[in-house]
Amino acid sequence: MRTLLYALVSAAAVVLAGPALAKDKLTVYTYESFTADWGPGPVVKKEFEAECGCDVEFVSVADGVALLNRVRLEGASTKADIVLGLDTNLTADAKASGLFAPHGPVTDVNVPGGWSDDTFVPFDYGYFAVVYDTEKLKTPPKSLKELVEGSADDKIVIQDPRTSTPGLGLLLWVKSVYGDKAPEAWAKLKAKVLTVTPGWSEAYGLFTKGEAPMVLSYTTSPAYHMVAENTERYQAASFEEGEYLQIEVAGITTTGAKNPLAAEFMAFMTGPKFQDAIPETNWMFPAGKTDKPLNPAFGKLVKPTKTLLFSSEEVAANRKAWVDEWLAVMSK
Amino acid sequence: MRDSAASRLEKGAPVRLDKVSFSYGEAPLVFDVEFAAAKITAIMGPSGSGKSTLLNLVAGFETPQSGRVLIGGADVSVEPPSMRPVSMVFQENNLFAHLTVAQNVGLGRSPSLRLTEADHAAITEALERTGLAGKEKRLPRELSGGERQRVALARVLVRDRPVLLLDEPFASLGPALRDDMLDMVAAVHAERGMTVLFVTHQPEDARRIGQNMVFLDDGLVAATGKADDFFAGAGPEAFRRYIGAST
Amino acid sequence: MQRATSDPRITAGIAALAAIALLIGGAFAGLLFEGVHDLSGAWAAFDPYLLRVVRFTLWQAALSALLSVVPALFVARALSRHPRFPGRAFILQLFAVPLALPAIVAALGILALYGRAGYFAGVIGGGSWPGIYGLSGILVAHVFFNLPLATRLFLEALQTIPTDQWRLASQLGMAARSAFRLIEWPTLRAALPGVAGLVFMLCITSFTIILTLGGGPAATTLEVGIYQALRFDFDPARAVTLTLLQIALTFIVMLALTRLGANVVGDTNLPVAQRRYLSVGGGETWLNAMLIVLALLFVVGPMAATVMAGLGADLDRLAGEATVRQATLTSVVLGFLSALLSVMLSLALTMARRALALNSRAGRKTLLEHAADTGASFVLVVPPIVVGAGWFLLLRHVGDVFAIAPVMVVTVNAVMAMPFALRAIRPAYDAASERHERLCAQLGIVGWNRLMLVDWPSLRRPLATAFAFAMALSLGDLGVIALFGSDSVQTLPYLLLARMGSYRTEDAAGLALLLGLVCLSLIVAAHWLGREKLRDA
């Protein structure tokens with residue numbers, strides 16, 4: 001009993017002690033799947049540490065939304081030098097918090113529609129897409145219109161825009177295609193919605209369990225199944241109206257503005273050593289120059305005919321009203 | 001605890017309830033009575049007449065709404081039970097089921113069971129005195145009902161307080177066993193000379209060891225006197241009816 | 001009265017209450033302090049949509065409570081009438097597991113059975129089965145969580161019926177029906193409002209189940225609104241407003257139940273093995289066996305589905321992963337500490353409540369007594385994310401907020417497990433106190449002495465039960481960890497969700513199995529430990 005107690009107490013000490021301190025350190029806040037063993041984190045850490053001769057410490061939270069909130073909760077006293085993993089739907093709110101500093105000059109950024117933002121720098125991007133199960137659905141919808149007006153028997157799992165970024169992505173997608181007619185579109189789409197989950201994980205879990213033949217995810221999702229599971233069963237549907245874009249960005253905090261390593265990291269981030277890691281670890285498209293060619297699997301992915309994107313200011317200004325509009329229709 | 005002022009009282013302190021009133025929210029009980037020092041007083045009365053309440057007031061389990069409880073002349077009305085110069089034996093639950101006989105007795109010396117050599121000696125002696133020698137390590141569930149009450153008496157011996165309250169402690173024992181126990185109480189009383197308040201339903205118990213008698217009826221002290229006189233027919237009418245009805 | 005205030009048990013109870021009040025109050029203070037800059041959110045919370053949300057929140061909670069509690073009455077009775085039902089002890093242990101499962105694990109388990117691609121759909125004939133999304137899904141999940149809980153609680157109540165009553169009943173030749181009416185029902189009736197209240201509170205705060213199985217925003221609860229306010233909008237004022245509304249609504253419902261004679265903490269007793277003098281007829285035996293088997297199938301089904309899915313995962317690789325081991329260790333350590341704290345707080349409250357009750361036997365209950373009595377269970381309806389966020393805001397000016405993450409997880413989970421720990425500890429303590437109170441007072445056994453010499457031996461078993469239950473509950477937590485989790489503090493459920501979030505569904509299923517097994521072994525261990533200890537006592 002005594003040794004057990006001792007073991008527990010020392011284990012508690014290890015758990016409670018948290019990350020160790022070191023000199024010349026760069027602290028990066030990011031989301032969970034970035035730092036996972038199979039994510040880009042380990043490669044990025046190794047490469048940048050070799051370049052700067054410093055220590056990189058990743059602190060990861062569940063997702064992009066949790067990331068912004070973590071920084072907002074910590075306020076000006078945050079330990080983060082860099083916050084990596086917000087998307088453009090969050091950047092206006094992030095700027096409004098006053099916790100981010102403008103970055104230095106950035107070159108070689110390549111995202112659809114170009115980039116000009118003085119605070120945030122993109123590191124990858126992807127498109128939201130309806131991913132379907134080829135064994136269950138022989139004729140996938142060819143447009144958002146077909147999805148909205150198609151048979152109610154072909155169900156789709158979507159995410160709640162109040163709690164998840166892909167959920168918000170679909171909301172914006174429908175808005176950008178239908179404009180003022182969005183409520184009518186949702187009223188029709190509602191019949192096809194099997195369920196609305198709190199996050200992407202739950203939705204994708206239901207989809208792969210076979211609960212529904214379609215799920216809202218990314219055009220790059222099939223690449224994972226092709227590369228990691230060697231199956232072409234899951235495919236993204238290509239929509240005539242185009243796909244809605246998600247750009248993931250990083251920014252320097254007011255804390256990081258005092259740390260020269262932060263600017264160095266931002267430059268590194270858009271370079272090939274970082275960007276090479278992105279496609280097959282984060283399953284997104286690189287936003288900067290790469291040295292290696294993309295895995296052929298990425299060549300098989302849906303190429304959007306048109307890129308849809310609201311500016312982050314538009315999103316920030318209208319999100320509440322649009323979500324309420326969605327709620328009014330969906331809760332009838 | 002052993003050195004508290006209370007327990008250094010003279011052996012056999014008088015117990016007095018001075019216009020003590022108490023109520024459970026119904027009709028109030030009012031006790032105004034004195035129990036003579038170093039005597040065994042039997043307390044009798046019909047069910048609900050307040051016998052147990054009277055003992056609880058003396059022991060400190062209940063606090064009077066008015067009036068005073070005096071032991072050896074000192075007002076103990078607001079003293080907690082453990083600070084009063086009193087030991088009490090209940091009808092049941094006198095022992096902690098998970099503690100051994102010796103430990104249960106030892107609690108009479110130290111509530112934390114930190115016992116000295118002298119304490120151990122006293123415990124052994126008390127157990128011998130109550131016929132429990134050799135059963136020190138037993139648990140209460142391994143004892144008979146009579147033996148359990150003997151353990152309680154052994155604890156009374158080691159506690160050595162000037163007042164002993166007995167709340168029908170032998171009611172569930174057979175007649176022969178009950179007589180043995182009563183004789184043991186009488187012997188302990190003869191040796192230590194404490195004041196004993198003895199609640200019982202059995203007239204023969206009261207007759208066997210009772211010296212004085214207090215008869216309660218309907219929450220009041222109806223009569224007091226020598227036990228012998230009561231049984232000789234000098235008691236009040238209510239007492240005679242009670243005896244008649246109960247035997 | 002002088003004695004009352006100096007009783008260390010009451011002091012301990014006041015300290016425990018103060019700690020809980022500090023935890024909740026501090027969180028509100030932190031949120032309000034931050035939210036006071038912009039109170040518009042508080043008013044904006046009262047939009048037309050809110051009324052619908054409130055209505056649905058109450059409606060689903062009431063229905064869930066009804067559907068869990070009524071069948072539980074009969075299952076508990078069936079179990080109580082067949083003390084030697086094959087595997088009875090194991091059934092009861094299985095019944096303790098659902099509550100400890102993370103909601104997402106349970107939801108996926110339920111879908112594996114009743115979903116559109118579930119086993120059930122396979123039997124019915126593919127394609128035609130619509131699945132169980134919507135209110136029906138929510139109810140199935142809530143009943144899965146709460147029917148076993150209610151059954152256990154009712155069974156405990158039934159076991160308080162004195163053996164003599166059964167002897168009498170059998171001597172008088174009472175048939176099953178009259179025995180139920182005259183003996184079992186009065187006991188169940190007394191326990192009913194308390195159990196219903198607890199289930200209601202658990203359902204009112206349901207979140208993942210509602211969102212995953214609810215089908216859409218038509219089925220949404222206040223808890224979702226609170227979550228959104230903190231997670232997406234970062235609107236502390238709105239979060240506080242909605243939380244207060246949730247507490248107020250629950251309070252009204254509890255008040256109504258109290259009018260029906262509820263004691264929200266419950267006066268049920270510890271299950272004790274009794275000799276029963278029962279003669280159960282052949283027909284009734286059949287009926288009871290059917291009831292038990294049906295309930296068992298209902299509860300075991302989703303668990304079995306979880307096991308099946310888990311066995312499909314690469315368990316060897318998972319078990320070898322450093323991350324999994326670290327997460328398991330973290331979960332166990334945090335769960336252990338939080339269970340310890342939970343049991344200590346509950347014991348303090350139990351002792352204080354008893355001491356207060358003894359002091360005011362004749363008088364009216366004091367405010368303090370009420371607080372120690374039922375107040376503690378209201379923590380169930382304070383969303384953990386609110387407590388977490390509030391303290392984060394409060395402490396960020398003071399020091400390293402990273403360091404408080406594990407502390408927050410431990411404390412919040414400890415408090416959330418209290419209503420259950422109280423149920424296990426209180427009846428045993430009260431019964432022991434009934435036997436020992438006067439003796440302790442007489443012999444001056446108080447405070448630490450009393451705890452070690454008198455209370456500990458008779459409470460070991462219920463304390464072990466409470467501890468295991470609290471630990472199982474904490475192990476499954478995703479509420480606090482969702483806000484505080486990071487790569488430095490990863491628990492098993494957190495890792496499970498992370499795996500799901502990176503396409504690794506199989507890993508997640510494996511972790512769900514692991515988590516379920518840890519919970520089950522805790523419950524079994526508690527049962528076993530409790531029995532062992534009792535023997536040498």
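Letters A, B, ... mirror the listed sequences (proteins, then strands); counts begin at 1.
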Side chains of C/Thr57 and C/Thr221, donor plus acceptor under 3.5 Å = no

query = Who wins among A/Lys136, A/Lys190, A/Glu202 for the most heavy-atom pairs under 4.5 Å with chain C?
reply = A/Glu202

Side-chain heavy-atom pair C/Ile110, C/Ile132 within 4.5 angstrom cut-off = yes

key: chain C contact via A/Ile158 - which portion, at a heavy-atom distance below 4.5 Å   = neither

message = At a 4.5 Å cut-off on heavy atoms, which part of C/Leu213 comes close to chain A: side chain, backbone, both, or neither?
response = backbone

message = Does any backbone or side-chain atom of A/Asp153 lie under 4.5 Å from a heavy atom of chain C? Answer side chain, backbone, both or neither.
response = backbone

query = Is A/Asp87 reaching over with its side chain to a backbone N or O of A/Asn89, donor-acceptor style, under 3.5 angstrom?
reply = yes

ask   = Taking the six-membered ring where the residue is Trp, are the ring centres of C/Phe467 and C/Phe336 under 6.0 Å apart?
value = yes

remark   = Residue from A/Leu194, A/Thr165, A/Leu327 scoring the most non-hydrogen pairs under 4.5 Å with chain C is A/Leu194

Structural part of A/Pro213 lying under 4.5 Å from a heavy atom of chain C = side chain

task = Please determine, by modelled atom types, if A/Tyr29 and A/Glu57 share a side-chain donor-acceptor pair under 3.5 angstrom.
result = no

query = Among C/Glu34, C/Arg504, C/Arg499, who wins on heavy-atom pairs under 4.5 Å with chain A?
reply = C/Arg504

message = At a heavy-atom distance under 4.5 Å, which candidate from A/Trp283, A/Trp200, A/Trp326 has the highest pair count against chain C?
response = A/Trp200

query = Is there a donor-acceptor pair closer than 3.5 Å between any side-chain N or O of C/Thr330 and the backbone N or O of C/Gln326?
reply = yes

task = Measure distances from A/Leu68 to the heavy atoms of chain C and classify the residue's part below 4.5 Å as side chain, backbone, both or neither.
result = neither

inquiry  = For the residue pair A/Tyr234 / A/Glu229, report whether a side-chain donor-acceptor contact shorter than 3.5 Å exists.
reply    = no

remark   = Answer key: most heavy-atom pairs under 4.5 Å with chain C among A/Ala328, A/Ser217, A/Ser221 is A/Ser221

query = Who wins among A/Arg72, A/Lys155, A/Glu211 for the most heavy-atom pairs under 4.5 Å with chain C?
reply = A/Glu211

task = Go through A/Asp93, A/Leu206, A/Val193 and name the one with the most non-hydrogen pairs under 4.5 angstrom from chain C.
result = A/Leu206

request  = Check the side chains of C/Tyr227 and A/Asp160 for a donor-acceptor pair under 3.5 angstrom, ignoring hydrogens and angles.
outcome  = no

